[in-house]
Protein chains: 2
Amino acid sequence: MKLVTCVKVFIEKSGNLWISKKLANQKRKKRANLRDVAKAANVSVATVSRVLNSPVTVSEDTRRRVQDVIASLHFVPSAAARAINTGRTRVVGAIVPTLDNAIFSKFLATLEKTLAEHGLSLVVATTKGDPNIEAQKAQGLVDIGAEALIVSGVTHSPDFEKLIELTRLPVIATSCYDKNYHLPTIGYDNAGASRIALDFLLSAGHRKIAVVHGPVKDNDRTLARLSGLKALDQNHTLQTFETNISVQGGCDATQMLLAETTSFSVILCFSDVLALGVLFELQRNRIKVPDEMSLVGIDDLPSSSCTFPEITTVHLPVATMGETTGEAIVEWLDNHVAPKSKLLQAELIVRNSTREFN
Amino acid sequence: MKLVTCVKVFIEKSGNLWISKKLANQKRKKRANLRDVAKAANVSVATVSRVLNSPVTVSEDTRRRVQDVIASLHFVPSAAARAINTGRTRVVGAIVPTLDNAIFSKFLATLEKTLAEHGLSLVVATTKGDPNIEAQKAQGLVDIGAEALIVSGVTHSPDFEKLIELTRLPVIATSCYDKNYHLPTIGYDNAGASRIALDFLLSAGHRKIAVVHGPVKDNDRTLARLSGLKALDQNHTLQTFETNISVQGGCDATQMLLAETTSFSVILCFSDVLALGVLFELQRNRIKVPDEMSLVGIDDLPSSSCTFPEITTVHLPVATMGETTGEAIVEWLDNHVAPKSKLLQAELIVRNSTREFN
DNA sequence: GATCTTGATGAAACTAGTTACATGTGTCAA
DNA sequence: TTGACACATGTAACTAGTTTCATCAAGATC
């Protein structure tokens, strides 16, 4: 850039535009473009374009010649130029609260795989659960040309809503299911997931239940899980503890709940990450799981089957969710028809962190 | 797309091109572009472009008028068209082995933050540690127009090397330091990191040391950590166990090493994730940490300070690495000068999973 | 009053591809 | 022999922006 500018100044004084261009080009060793290739291969730009996009329509002979020139000139077609013409960037944006929780990386891994199979790239952005950051990141994704967005949950800022209305971008909300929401949702029933866990605990005889969950602010999934419990909790057997979704958060909540006058027989965590922290903090306090305290999670992270004791949890089908969401996006982009919301089943996985209470 | 084609067929029969275009435009409710805005605001396209890029050069009056039109037409400038002209997509690609390990998500989080501060977007791709997948993903990133790449380590496939030579793309190798490598490296001394841990254990009197590490295939960082140990291990006090980098992998390795005839006094893990699995498997086998077995990790994940017992580990400065790498990329793109390799210091964090051995 | 400078704006060329349409050639059936 | 058709290819118009250069008016300087 600097160099080119220098040359320009010199040229403006000499007053010869042609020399200016030539020198500028010499200086910056411009990447070869379609025209360069066409010239060198003695064909039209259309033919080069055909070699790139539908090689079968070009004769064997010409094709080979063009391909040779492409290789020798190190020609790499410009994604931007292609996007401008086709109107397609083949980029899909996903916005998740965090990458720190393995539940999202698992989801993104299968999502990415599914999209890649259809020639789409996935761009990931994180929000820390803040709808305003979400709106910012969504704008950023639109700026780089994302053709569709995938978000978590149904709580979004007005800026975000405005953006998607304005751009009419395909958007799918995941990690939850709500067939009445104005965007298609693909996910599980969060109220149901926590209810599965509570059902299991109640029928095992537990009556003093501590619930450890992440921040409720701006988090519809956590709220749904809480509401799922409250519907079942006629006798007010539940006490809730809010904390950060991290191992440390689990430890913190455990300290809080152990300091209560009530003594609980089980701790129900809305996330396996929390359960991990709870488990460690219980160990630190020499409280045996499940003998002295039962423990249940939600998520079913891979690590939850390896802990000691192995954690009883509600399996959330995030891998399926990634695949289903990817396919839905592909169809939406291909057929311009918004997909229907899809409900995926959560499932109780009983392991060794729980016991009957009597 | 389909609709437009239909219209076209009809028109070819009627033989009126003008109607064809008009209908096509009506049908697909084209997004407003610069020309539309210019026409509606009664200014030239140049002026609209100025309003977007250097508003101060446009008179108060005109600027407001154009901005009103932009708002009312829901005009969103095309990223592709902008990229084609400026030659800048403002997209940087990062290729990491996995998102499953928190060490990478932490790195990516600070990297993304740093790049965002300079108006750059980060696109993430994962490889499962396979150099061939890495080459594929790198090609994908180039295809979507990434201006620079960030990779892990120095082991790359010929295809990858060819790609970056061909495209002359700025590439930084992270998670390691090698000032003689042909790409700039920004990271820590892996051999040194494992040596810090071993030094500590040797001086605490440990002589029977089990080393648990991830796959060595295509992983220069693991190999470097191993070589770091072997240099110190004159008396062959080490025995190594290879496994997958996951909590389950840590469990598996522990089962293997417990089945050995040798009895170890400490287990040194090349990753905190492995240490977590080891810890659980030791618990499952009623082996007390650190009383009966010491345990050391490398990484210093946030969760390692919350476990019971808290895990002694070697802190790797991944947050700093993200920031430093981001700044280096920004400078490289701005000044077209490759940055120097940078060495970041690893540091021993002594917690409660280790004790003196005598 | 003439010239210089500055500021605001527009026309048109430019970026790098795709694609509609036209053209020319060769093959085959009527 | 001619018309129909497929095939290969070129021309030029398109995509949606940025940027250079030219223009013109208003105010400043000599």
Side-chain angles (χ1 to χ4, degrees), chain A residues 1 4-5 8-9 11-12 15 17-18 20-21 24-25 28 30-39 41-63 65-66 70 73 75-89 143 145, chain B residues 1 4-5 7-9 11-12 15 17-18 20-21 24-25 28 30-39 41-66 70 73 75-89 143 145:
Chain A
M1 278 300 211
V4 174
T5 310
K8 283 240 56 222
V9 169
I11 293 310
E12 270 162 18
L17 189 66
W18 186 79
S20 145
K21 295 240 160 174
N25 285 347
R28 59 163 146 148
K30 203 183 45 157
R31 247 173 62 178
N33 63 24
L34 252 204
R35 262 100 187 159
D36 298 332
V37 175
K39 210 171 290 172
N42 232 314
V43 294
S44 70
V45 288
T47 300
V48 180
S49 181
R50 284 185 199 108
V51 170
L52 294 171
N53 299 305
S54 49
V56 284
T57 64
V58 180
S59 72
E60 179 79 35
D61 207 47
T62 316
R63 193 195 321 153
R65 186 153 38 95
V66 171
I70 285 176
L73 291 185
F75 169 69
V76 180
S78 146
R82 184 165 283 172
I84 217 180
N85 283 293
T86 58
R88 299 212 50 181
T89 57
D143 287 347
Chain B
M1 279 301 213
V4 173
T5 310
V7 173
K8 282 240 57 227
V9 170
I11 292 310
E12 269 160 19
L17 188 66
W18 185 79
S20 147
K21 294 240 161 175
N25 283 347
R28 59 164 143 145
K30 205 182 45 157
R31 244 173 65 179
N33 63 25
L34 255 203
R35 261 102 187 157
D36 299 331
V37 174
K39 210 170 292 171
N42 231 316
V43 294
S44 69
V45 288
T47 300
V48 180
S49 181
R50 283 184 200 110
V51 169
L52 295 170
N53 299 303
S54 49
V56 285
T57 65
V58 180
S59 73
E60 179 79 34
D61 208 45
T62 316
R63 192 194 322 155
R64 199 160 327 184
R65 184 154 36 95
V66 171
I70 285 176
L73 292 186
F75 169 69
V76 181
S78 145
R82 185 165 280 172
I84 218 180
N85 284 293
T86 58
R88 298 213 51 182
T89 58
D143 287 347

Salt bridge (charged side-chain N to carboxylate O under 4.0 Å, His left out) against B/R64, all qualifying residues, sequence neighbours excluded:
B/E60
Under 4.0 Å, heavy atoms only, any strand: does A/V43 hit a base, just the sugar-phosphate, or nothing?
sugar-phosphate
Can you see if the side chain of B/T86 gets near the phosphate of D/dT18 - specifically, an N or O under 4.0 Å from OP1 or OP2?
no
Just N and O in the side chain of A/T47: are any of them under 4.0 Å from OP1 or OP2 of D/dT9?
no
Give a yes/no on whether any side-chain N or O of A/S44 is located under 4.0 angstrom from OP1 or OP2 of D/dG10.
yes
Partners meeting side-chain hydrogen bond (donor to acceptor under 3.5 Å, both in side chains) with B/N42 (sequence neighbours left out):
none
Does the side chain of B/N85 get closer than 4.0 angstrom to OP1 or OP2 of C/dT15 through an N or O atom?
no
Using C1' atoms of five pairs at each end, report the bend of the helix from C/dG1-D/dC30 to C/dA30-D/dT1 rounded to 10 degrees.
50°
What is the minimum heavy-atom distance between A/V58 and A/R63, and which atoms define it?
O-NH2, 3.4 Å
What's the CZ-P distance between B/R88 and D/dT19, to the nearest Å?
12 Å
Side chain proximity check, B/L52 to B/L34, heavy atoms < 4.5 angstrom:
yes
Note: B/N53 and B/R82 closest approach over all heavy atoms is OD1-NH2, 3.7 Å
N or O in side chain of A/R82 less than 4.0 angstrom from C/dA16 OP1/OP2
no
In whole angstroms, the gap separating P of C/dC14 from CZ of B/R35 amounts to 14 Å
Atom CZ in B/R35, atom OG in B/S44: separation rounded to 0.5 Å?
10.0 Å
Would a 4.5 Å heavy-atom cut-off, applied to side chains only, mark B/V66 and B/V43 as touching?
yes
Expressed as a whole number of angstroms, how long is the span from B/I84:CD1 to D/dC14:P?
17 Å
Measure from the side chain of A/A81, starting at C-beta and using heavy atoms only, and say which of D/dT11, C/dG17, D/dG17 lies closest.
C/dG17
Could you tell me which residues satisfy side-chain hydrogen bond (donor to acceptor under 3.5 Å, both in side chains) with B/T89, sequence neighbours excluded, listed by chain and number?
none
Grab the CG-C1' distance between B/L34 and C/dC14 for me, whole Å please.
14 Å
Can you list, by residue number, the residues of residues 49-65 of chain B that have a non-hydrogen atom closer than 4.0 angstrom to DNA chain D?
B/S49, B/R50, B/N53
Tell me, please, which residues at least two apart from B/T62 pass side-chain hydrogen bond (donor to acceptor under 3.5 Å, both in side chains).
B/S59
Whether the side chain of B/S78 engages the backbone of B/A81 through a donor-acceptor N/O pair (distance < 3.5 Å, no angle test) should be reported.
yes
In whole angstrom, what separates B/D36's CG from D/dA16's C1'?
10 Å
Classify B/V76 by what it touches in the nucleic acid, base, sugar-phosphate, or nothing, heavy-atom distance under 4.0 Å.
sugar-phosphate
Separation of C/dG17 C1' from A/I70 CD1 (nearest whole Å)
13 Å
Considering only heavy side-chain atoms of A/S78, the closest of D/dA16, C/dA16, D/dT11 is C/dA16
